[in-house]
Peer 1: 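Handing you a structure now.
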Amino acid sequence: MKKILVIEDDISLNQGITLSLKQDNYSFTQVYTLEEATVALHKDIYDLMLVDINLPDGNGVEWIQAMMKNDLCPFIFLTANDLEVDIVRGLELGADDYITKPFSLMILRARVSAVFRRQQSHQNKDIYQIGNFYFNFEKMQFMNQSLPIELSKTEQKLLRLLIVNKGQTLQRELLIDKVWLDESAFVEKNALSVAIKRLRDKLGVENRIETVYGIGYSWKK
């Protein structure tokens with residue numbers, strides 16, 4: 001199920017968006033300020049953000065700009081600003097779309113679906129070339145300078161989470177839930193630390209897994 005973060009201070013519109021898109025089997029986190037949005041991003045991984053520009057505690061475009069170092073997920077701007085310069089600025093920041101208010105919820109659903117279709121076409125390849133590393137998760141081929149790396153299923157899941165969200169600190173609890181799924185409640189306390197150590201050892205001196213003490217781990221850019 002795709003996870004969508006809705007950042008919109010208009011309570012009625014926020015509710016309307018989620019009610020409309022729920023028909024497409026998405027799950028939602030609804031927030032009304034940029035502060036709440038920042039907290040939500042630290043707690044979970046999202047597939048798409050719908051970002052209002054004029055919010056009570058700041059400007060959505062400026063917030064996106066400040067958060068860029070975290071390798072954000074795809075995002076769509078929602079705004080009453082229909083000036084060409086505003087639209088161009090939003091798209092130049094990397095927005096996947098820019099929808100001006102008032103808008104039809106049917107149009108929004110179509111735009112959201114289009115973003116996920118594009119996202120899926122890229123994810124289907126599931127191949128990453130990072131420096132001397134080559135990771136092909138579809139074929140389960142992992143190499144460093146053409147030398148094969150043998151990874152367990154757990155290590156593959158962990159590696160994929162880290163590189164898909166490179167530059168973003170992933171909390172220990174989130175990694176455990178995502179890697180061990182339904183068995184996460186029964187995982188030993190040090191299982192994640194052990195898996196990280198093994199993965200680092202296999203990647204060698206070029207590994208980019210960084211420990212963020214007291215929080216979790218990050219794949220350095």
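In what follows, every heavy atom counts, from backbone to side chain, and hydrogens, waters and symmetry copies are set aside.
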Peer 1: Taking only Lys NZ, Arg NE, NH1 and NH2, and the carboxylate oxygens of Asp or Glu, determine whether E155 and K202 approach each other closer than 4.0 Å.
Peer 2: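 Between K202 and E155 there is a salt bridge, with a charged N closer than 4.0 Å to a carboxylate O.
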Peer 1: So do Y46 and S27 actually touch side chain to side chain, heavy atoms under 4.5 Å?
Peer 2: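 The answer is no; the side chains never approach within 4.5 Å.
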Peer 1: Please tell me if the side chains of M67 and L41 come closer than 4.5 Å, counting only heavy atoms from C-beta onward.
Peer 2: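 A side-chain contact exists here, since the closest heavy-atom pair is under 4.5 Å.
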Peer 1: Using 0.5 Å steps for rounding, measure from the OG1 atom of T100 to the CG atom of L78.
Peer 2: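 Separation between the atoms: 10.0 Å.
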Peer 1: Tell me if the CZ atom of R200 is crowded by more than 12 foreign heavy atoms within 6.0 Å.
Peer 2: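 Above 12, so yes.
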Peer 1: Between Q156 (side chain only) and L151 (backbone N and O only), is there a donor and an acceptor less than 3.5 Å apart?
Peer 2: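 Checking the backbone N and O of L151 against the side chain of Q156, a donor-acceptor pair under 3.5 Å is found.
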Peer 1: Indicate, with yes or no, if the rings of F142 and F137 have centres closer together than 6.0 Å.
Peer 2: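 Aromatic pair counts; centres sit under 6.0 Å.
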Peer 1: A quick test of your reading: do over 12 heavy atoms of other residues, nucleotides or ligands sit less than 6.0 Å from CD of Q141?
Peer 2: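 Correct, the count exceeds 12.
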Peer 1: Hey, quick one: are L105 and L21 part of the same hydrophobic cluster, counting side-chain heavy atoms closer than 4.5 Å, chains of contacts allowed?
Peer 2: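 Linked, L105 and L21 end up in one cluster.
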Peer 1: State whether the side chain of N165 and the backbone N or O of Q168 hold a donor-acceptor pair below 3.5 Å, judged by distance alone.
Peer 2: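 No, N165 side chain to Q168 backbone: no donor-acceptor pair under 3.5 Å.
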Peer 1: Test question: given the 4.5 Å side-chain rule for I, L, V, M, F, W and Y, name all other residues clustered with V212, or answer none.
Peer 2: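 Reading the cluster by chain and number, V212 sits alongside I215.
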Peer 1: Should F103 and F28 be counted in the same cluster of Ile, Leu, Val, Met, Phe, Trp and Tyr side chains packed under 4.5 Å apart?
Peer 2: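 Yes, same cluster.
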Peer 1: Test your reading of the model: is there a side-chain donor-acceptor pair from N14 to the backbone of Y32, 3.5 Å cut-off?
Peer 2: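 Not at all, since once roles are kept as given, no pair shorter than 3.5 Å links the two residues.
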Peer 1: What is the distance from atom CZ of R111 to atom CD1 of I99, rounded to the nearest 0.5 Å?
Peer 2: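 It comes to 5.0 Å.
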Peer 1: So, the side chain of T38 versus the backbone of L34: is there a donor-acceptor pair under 3.5 Å, distance only?
Peer 2: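 Present.
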Peer 1: Considering all heavy atoms of both residues, which atom of L203 and which atom of L159 are nearest to each other, and what is their separation?
Peer 2: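 Result for this residue pair: CD1-CD1, 4.5 Å.
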Peer 1: Has E36 got a side-chain atom pairing as donor or acceptor with T33's backbone, closer than 3.5 angstrom?
Peer 2: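 At least one qualifying donor-acceptor pair exists.
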Peer 1: What's in the same ILVMFWY side-chain cluster as M106, cut-off under 4.5 Å, chained through other members?
Peer 2: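 So far as hydrophobic clustering goes, M106 is joined with none.
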Peer 1: Hey, what do you get for CE (M143) to CD1 (I149), rounding to the nearest 0.5 Å?
Peer 2: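 Reported value, rounded in 0.5 Å steps: 9.0 Å.
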Peer 1: Looking only at atom types and distance, does a side-chain atom of N136 sit under 3.5 Å from a main-chain N or O of I127, one as donor and one as acceptor?
Peer 2: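 A pair under 3.5 Å: no.
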Peer 1: Are Y26 and F116 close enough that their ring centers fall under 6.0 Å?
Peer 2: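 Ring centres of F116 and Y26 closer than 6.0 Å.
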Peer 1: What distance separates F133 CZ from N144 CG, expressed to the nearest 0.5 Å?
Peer 2: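 CG of N144 is found 4.5 Å from CZ of F133.
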Peer 1: Out of curiosity, does L50 fall in the hydrophobic cluster containing V39 (side-chain heavy atoms, cut-off under 4.5 Å, transitive links)?
Peer 2: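 No: no chain of side-chain contacts under 4.5 Å links V39 to L50.
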Peer 1: For W219, which of L170, I130, V164 qualifies under side-chain contact (heavy atoms from CB on, under 4.5 Å)?
Peer 2: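 It is I130, the one option of L170, I130, V164 that forms the side-chain contact (heavy atoms from CB on, under 4.5 Å) with W219.
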Peer 1: Ignoring hydrogens and geometry, is there a side-chain-to-backbone donor-acceptor pair from T18 to Q15 under 3.5 Å?
Peer 2: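 Checking the backbone N and O of Q15 against the side chain of T18, a donor-acceptor pair under 3.5 Å is found.
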Peer 1: Would a hydrophobic clustering, with Ile, Leu, Val, Met, Phe, Trp and Tyr connected at side-chain separations under 4.5 Å, put F135 with M140?
Peer 2: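 Looking at the clustering, M140 is in the same group as F135.
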Peer 1: For K101, check salt bridge (Lys or Arg N to Asp or Glu O under 4.0 Å) against everything at least two apart and list the hits.
Peer 2: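 So K101 forms a salt bridge (Lys or Arg N to Asp or Glu O under 4.0 Å) with E8, D52.
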Peer 1: In Å, rounded to the nearest 0.5 Å, how long is the span from CG of L158 to CD1 of I176?
Peer 2: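 Rounded to the nearest 0.5 Å, the CG-CD1 separation comes out at 10.0 Å.
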Peer 1: Specify the closest pair of heavy atoms between P74 and V115, including all atoms of both residues, with the distance to one decimal.
Peer 2: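 Heavy atoms only, the tightest pair is CB-CG1, 4.0 Å.
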